[in-house]
Amino acid sequence: YTQNNLNFSTEISFNNYLLMSYFLSILIISYFVSEICSSRQDNLIIYFPFVFLFQGVVEGTNINLFVIILIFFGLQNISNKKSRVYNFLALLFVVFAINNKLIVHNYFDIDKLRGFSSSSSSSFAMIFWSISIVLILNGIYFLVANSNNFDYKILIRNLILSGFLVVFFGLLSSSSLLINRLTYLFFGQNKVSSESTFSVSGNSWRGFSPSAEMIGEFYGLILLISLLLFLNKKISFKKYEYVFFVFIIYGFIRANSVAAIISLIALTLLLLVKRNIRNLEFR
């Protein structure tokens with residue numbers, strides 16, 4: 001933080017206005033989560049694909065909006081009897097790992113995962129982030145368990161729309177330095193978008209995403225789930241969604257994530273073979 005703001009100080013004091021502003025921001029976000037998200041917790045999970053578009057990083061910090069939301073719901077899940085054993089074992093493992101120095105304290109560049117990981121190697125930071133991860137997992141479990149209005153059709157359409165918008169804004173941000181910086185600010189990006197459409201190291205293009213490997217896996221997941229629902233649920237896609245698929249396939253190819261490409265091909269072949277075998281059995 002000292003690299004971004006010369007006035008930063010870790011002293012907890014009412015005179016430390018910068019630190020107080022961080023605390024106030026978290027308090028305000030938590031209030032709106034309580035007022036807005038709590039009444040909609042039964043269908044929040046279907047909007048998770050847009051996390052890849054609105055990444056939620058508070059500018060100049062290691063604070064993420066979605067981490068605060070998940071921790072908020074994670075705290076509500078702590079009292080869940082089904083989760084108590086897992087939470088106890090997780091915290092026990094954290095204490096054991098830190099006391100026995102099983103965690104290697106090396107510098108970790110968090111420019112691709114800001115707000116979800118520690119930027120410090122101190123023991124206190126490791127404890128804080130370990131507890132945060134446990135609460136994040138509790139929050140995800142809570143939202144999934146309370147998704148009473150879950151609709152897979154809405155989820156897949158949100159996945160397709162999110163994938164298209166990630167590619168679109170990646171291309172748009174690459175066309176102008178001004179747009180590049182504006183998208184970084186207003187979308188809460190972990191890292192500024194690529195400044196050109198040319199591939200870089202490893203012949204990959206990350207576009208709007210902070211990582212080519214990660215976004216390649218996201219595109220591959222969209223294509224795989226779409227194929228799965230098309231074959232098994234007979235879901236039909238609208239005409240404009242086929243245009244979206246063209247953009248998603250373009251982003252998938254440009255990301256050049258070898259692991260994602262191989263996984264998608266292997267799982268698609270497995271799915272098709274399994275389907276053909278099943279059809280032969282019925283004959």
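Positions are given from 1, in the same order as the sequence printed here.
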Using modelled atom types only, decide if a donor and an acceptor are shared between the side chain of [X] and the backbone of [Y] within a distance under 3.5 Å.
X: S34; Y: S30; result: no
X: Q55; Y: Q189; result: no
X: S193; Y: S173; result: no
X: R254; Y: T197; result: yes
X: N180; Y: S194; result: yes

>> Can you tell me how the ring of F245 sits relative to the ring of Y242, calling it parallel under 30°, perpendicular over 60° and tilted otherwise?
In response: tilted
> Parallel, tilted or perpendicular: which describes the rings of F164 and F247, with under 30° parallel and over 60° perpendicular?
Replying inline: perpendicular
> Quick one: CD1 on I248 to CG on L161, what's the gap to the nearest 0.5 Å?
Replying inline: 9.0 Å
> Ring centres of F208 and F187 under 6.0 Å apart?
Replying inline: yes
> Quick one: are the ring centres of Y219 and F252 less than 6.0 Å apart?
Replying inline: no
> So, do F230 and F237 sit near enough that their side-chain heavy atoms are less than 4.5 Å apart?
Replying inline: yes
> Going by heavy atoms in the side chains, are L70 and L135 under 4.5 Å from each other?
Replying inline: no
> Should we say atom CD1 of I12 is surrounded by more than 12 heavy atoms from elsewhere, each under 6.0 Å from it?
Replying inline: no
